[in-house]
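Here, residue 1 is the first one in the sequence, and each next residue gets the next number. This one's a predicted model, so the numbers in the text were calculated from it and none came from an experiment.
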Amino acid sequence: MTFTVSLPEQLLAPGMTCLLVSDVMGGASSFSPLDQPDQPGHARIVCHAPLPDLRAGTFLDGPQGPLCQIEWSGRLPGNGTATPCHWLRIVAAPQAQTSADLQLTARAEGLSLAWVTLSDKGSQGLREDTSGPAIEELVGTRYPLSLAKGFVLPDEPRALRALLTDLALVQGFDLVLTTGGTGLAPRDTTPEATLAAIEKRLPGFELAMTMSSLAKTPHGAISRAVAGTLGRTIIVNLPGSPKAVRENLQAILPALGHASEKLKGDPSDCATA
Ligand SMILES: Nc1ncnc2c1ncn2[C@@H]1O[C@H](COP(=O)(O)OP(=O)(O)OP(=O)(O)O)[C@@H](O)[C@H]1O
Ligand SMILES: Nc1nc2c(c(=O)[nH]1)N[C@H]1C(S)=C(S)[C@@H](COP(=O)(O)O)O[C@H]1N2
């Protein structure tokens, strides 16, 4: 997918954050709480067409190579509007930054991952969360990751449901893996929140995790972890301890890449995969 943009006057440097907005629906003039005159990092790259649907981690290449990457997506409030926008991370400065229009090409590379730790103690800073970072490390050793982001939430099902919906349908992460809250403690509600968010269930992933867990510990039977899809995102619950994360992930890691490709519409023949 290719689209035309104008670069801002401010010089773009690697690491800077910019906004990508469209000038078709008044987006270029809408208000942003991040817009501070003394923060040139929030300069705007303006797209001269309706904003394309871009998933988390997508690279945008200019004529000379990679320019920036989609970090976050949302809406800007403004005169009775809520205009879509993307936050971009500059990965390489353009060779020549002029006001002339520039063609950008969207390129997907690797998998984008969001992990979510459900832990009352973790969210209050009473225990270091090592389970979320373990997910990122384990997935990253098996697949190249274009982008990885982590979140720590208390065991609150509505907050989780809202975050899962946003990560899948607004941000467009390929994988959203949760840890914690799958058991029987009074505040364990991760499976219920996940069931309320997903469109299709993946019973094979759930079965694979249960079988692999039971081979390690009879307590594997206590996890009620759910797996499924929402939009083009795969969502999987993992139990809370780092040990359980490793043991459960090991059972589904080999199938995650192919499952994600199929979900995003890969038409290739499965017999060769
Ligand atoms: N995010 C985490 N990071 C590190 N260790 C964890 C994490 N979650 C759980 N554990 C470990 O697994 C054990 C059992 O987890 P459990 O789900 O029962 O957590 P909890 O302490 O009861 O509740 P919560 O994590 O919701 O505050 C914990 O005592 C801790 O040792
Ligand atoms: N593979 C594996 N699965 C496991 C465990 C484990 O150590 N290894 N722990 C179990 C335990 S003790 C519990 S209580 C449940 C639920 O954990 P959670 O509430 O932290 O999600 O996961 C279970 N699944």
Asks: For Pro14 versus Ala92, what's the shortest heavy-atom pair and its separation?
Replies: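 Closest approach of Pro14 to Ala92: CG-CA, 4.2 Å.
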Asks: If I take atom CG from residue Leu230 and atom CG from residue Leu164, how far apart are they, to the nearest 0.5 angstrom?
Replies: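 Going from CG on Leu230 over to CG on Leu164, the span is 8.0 Å.
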Asks: Does any non-hydrogen side-chain atom of Ser119 lie less than 4.5 Å from one of Asp129?
Replies: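 Sidechains of Ser119 and Asp129: no contact.
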Asks: Check whether any side-chain heavy atom of Lys216 sits under 4.5 Å from a side-chain heavy atom of Arg246, and report yes or no.
Replies: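 No, side chains not in contact.
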Asks: Over all heavy atoms of both residues, which pair between Gly240 and Ser131 is shortest? Give the atoms and the distance, please.
Replies: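 Taking Gly240 first and Ser131 second, the nearest heavy atoms are O-OG, 2.6 Å.
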Asks: Under 4.5 Å between side-chain heavy atoms, hopping through other hydrophobics if needed: is there a path connecting Phe205 to Leu177?
Replies: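 In one cluster with Phe205: Leu177, yes.
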Asks: Linking I/L/V/M/F/W/Y whenever any side-chain heavy atoms sit under 4.5 Å apart, do Leu145 and Phe59 land together?
Replies: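 Hydrophobic grouping puts Leu145 apart from Phe59.
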Asks: Side-chain heavy atoms nearer than 4.5 Å, only ILVMFWY residues, links allowed to pass through others: does that put Val176 and Leu163 together?
Replies: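 Yes; tracing contacts between hydrophobic side chains, which count when under 4.5 Å, links both residues.
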Asks: Could you walk me through whether Leu160 and Leu118 pass the side-chain contact (heavy atoms from CB on, under 4.5 Å) check?
Replies: CA-CA 8 Å; Leu160 176 59; Leu118 283 307; 4.0 Å; yes
Asks: Does the His86 side chain pair with the main chain of Pro52, one donor and one acceptor, at a distance under 3.5 Å?
Replies: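 Side chain of His86 to backbone of Pro52: a pair is present.
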Asks: Please determine, by modelled atom types, if Asn248 and Ser213 share a side-chain donor-acceptor pair under 3.5 angstrom.
Replies: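 Ser213 and Asn248 do have a side-chain donor-acceptor pair below 3.5 Å.
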Asks: Apply side-chain contact (heavy atoms from CB on, under 4.5 Å) to Leu54 and Met1, showing your working.
Replies: CA-CA 10 Å; Leu54 296 165; Met1 178 205 306; 4.2 Å; yes
Asks: Thr233 side chain to Leu169 main-chain N or O, any donor-acceptor pair under 3.5 Å?
Replies: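 The answer is no, because no donor-acceptor pair under 3.5 Å joins these two groups.
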Asks: For the residue pair Thr182 / Ser223, report whether a side-chain donor-acceptor contact shorter than 3.5 Å exists.
Replies: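 Side-chain D/A pair, Ser223 to Thr182: present.
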Asks: Quick check for you: to the nearest 0.5 Å, what is the distance between Cys47 atom SG and Leu102 atom CG?
Replies: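 Between Cys47 SG and Leu102 CG, I get 11.5 Å after rounding to 0.5 Å.
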Asks: Please check this pair: side chain of Arg224 against backbone of Pro191, looking for a donor-acceptor N/O pair closer than 3.5 Å.
Replies: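 No.
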Asks: Kindly compute the distance separating CD1 (Ile235) from CD1 (Ile198), expressed to the nearest 0.5 Å.
Replies: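 The distance works out to 7.0 Å.
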Asks: Side chains of Ile252 and Leu202: closer than 4.5 Å at any heavy-atom pair?
Replies: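 They are not in side-chain contact.
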Asks: Between Thr190 and Asn237, does any side-chain donor sit less than 3.5 Å from a side-chain acceptor?
Replies: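 Asn237 and Thr190 do not have a side-chain donor-acceptor pair below 3.5 Å.
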Asks: Any side-chain heavy atom of Val21 sitting closer than 4.5 Å to one from Thr83?
Replies: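 The answer is no, as the side chains (C-beta and beyond) never meet within the 4.5 Å cut-off.
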Asks: Do Arg161 and Glu192 meet the salt-bridge criterion of a basic N to acidic O distance under 4.0 Å?
Replies: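 Salt bridge: no.
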Asks: Over all heavy atoms of both residues, which pair between Ala106 and Thr58 is shortest? Give the atoms and the distance, please.
Replies: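 The pair with the smallest heavy-atom distance is CB-CG2, 3.8 Å.
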Asks: Is Val91 reachable from Leu104 through a run of I, L, V, M, F, W or Y residues, each pair having side-chain heavy atoms under 4.5 Å apart?
Replies: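 No, Leu104 does not connect to Val91 through the hydrophobic network.
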Asks: Between Leu7 and Ile45, is a side-chain contact (heavy atoms from CB on, under 4.5 Å) present by the stated rule, with each step listed?
Replies: CA-CA 5 Å; Leu7 297 182; Ile45 295 180; 4.1 Å; yes
Asks: Would you say Tyr143's side chain and Leu111's backbone share a donor-acceptor pair under 3.5 angstrom?
Replies: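 Here the side-chain-to-backbone pair does not exist.
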Asks: Against Asp174, only a single residue in Lys262, Arg232, Lys264 fulfils salt bridge (charged side-chain N to carboxylate O under 4.0 Å, His left out); can you say which?
Replies: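 For Asp174, the salt bridge (charged side-chain N to carboxylate O under 4.0 Å, His left out) test succeeds with only one of Lys262, Arg232, Lys264, which is Lys264.
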Asks: Is any side-chain heavy atom of Arg44 closer than 4.5 Å to one of Pro8?
Replies: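 Side-chain contact under 4.5 Å: no.
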Asks: Nearest 0.5 Å, please: how far is CG in Leu20 from CD1 in Ile70?
Replies: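 That separation rounds to 6.0 Å.
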Asks: Among Asp101, Val5, Val24, find the one that has a side chain to side chain contact (heavy atoms under 4.5 Å, CB included) with His48.
Replies: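 Among Asp101, Val5, Val24, the one that satisfies the side chain to side chain contact (heavy atoms under 4.5 Å, CB included) with His48 is Asp101.
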Asks: Can you give me the closest heavy-atom contact between Ala225 and Glu206, atom names plus distance?
Replies: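 Smallest interatomic distance, heavy atoms only, reads O-CG, 3.6 Å.
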Asks: Do you know the tightest heavy-atom contact between Ala197 and Thr165?
Replies: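 Heavy atoms only, the tightest pair is CB-OG1, 4.2 Å.
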Asks: Atom OG in Ser6, atom CG in Asp23: separation rounded to 0.5 Å?
Replies: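 Rounded to the nearest 0.5 Å, the OG-CG separation comes out at 7.0 Å.
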Asks: Within the distance-only criterion (no hydrogens, no angle test), does the side chain of Gln69 pair as donor or acceptor with the backbone N or O of Ser146 below 3.5 angstrom?
Replies: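 Yes, because the side chain of Gln69 sits within donor-acceptor range (under 3.5 Å) of the backbone of Ser146.
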Asks: Please answer whether the main-chain N or O of Thr105 pairs with a side-chain N or O of Asp61 as donor and acceptor at a distance below 3.5 Å.
Replies: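 Not a single qualifying donor-acceptor pair exists.
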Asks: Go through it in stages, so that I can follow the logic: the residues are Thr117 and Phe151, the test is side-chain contact (heavy atoms from CB on, under 4.5 Å), and I'd like the CA-CA distance, side-chain angles, deciding distance and then a yes or no.
Replies: CA-CA 6 Å; Thr117 297; Phe151 305 85; over 6 Å; no
Asks: If you count every heavy atom of other residues, nucleotides or ligands that lies below 6.0 Å from Gln124 atom CD, does the total exceed 12?
Replies: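 Atom CD in Gln124 is packed in, count exceeds 12.
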Asks: In Å, rounded to the nearest 0.5 Å, how long is the span from CG of Leu256 to CZ of Arg142?
Replies: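 These two atoms lie 9.0 Å from each other.
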Asks: State whether the side chain of Glu199 and the backbone N or O of Gly231 hold a donor-acceptor pair below 3.5 Å, judged by distance alone.
Replies: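 The answer is yes, because a donor-acceptor pair under 3.5 Å joins these two groups.
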Asks: Determine whether Leu153 and Ser123 make a side-chain contact, defined as any pair of heavy atoms from C-beta on separated by less than 4.5 Å.
Replies: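 The answer is no, as the side chains (C-beta and beyond) never meet within the 4.5 Å cut-off.
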Asks: What residues, two or more places apart in sequence or in another chain, satisfy salt bridge (Lys or Arg N to Asp or Glu O under 4.0 Å) together with Glu136?
Replies: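 Here no residue qualifies.
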Asks: Just by modelled atom types, is the Leu184 backbone N or O under 3.5 Å from a matching donor or acceptor in the Asp188 side chain?
Replies: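 Yes; at least one donor-acceptor contact below 3.5 Å.
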Asks: Which heavy atom in Ala251 sits nearest to a heavy atom in Ser212, and how many Å separate them?
Replies: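 What the structure gives for the nearest pair is CB-CB, 3.5 Å.
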Asks: Say whether Met209 and Leu113 are linked into one hydrophobic cluster, either directly or through other cluster members, by side-chain heavy-atom distances under 4.5 angstrom.
Replies: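 As far as the 4.5 Å side-chain criterion goes, Leu113 and Met209 are connected within one cluster.
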Asks: Please confirm whether the backbone N or O of Ala49 pairs with a side-chain atom of Ser22, one donor and one acceptor, at under 3.5 Å?
Replies: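 At least one qualifying donor-acceptor pair exists.
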Asks: Does any non-hydrogen side-chain atom of Pro133 lie less than 4.5 Å from one of Trp115?
Replies: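 Side-chain contact under 4.5 Å: yes.
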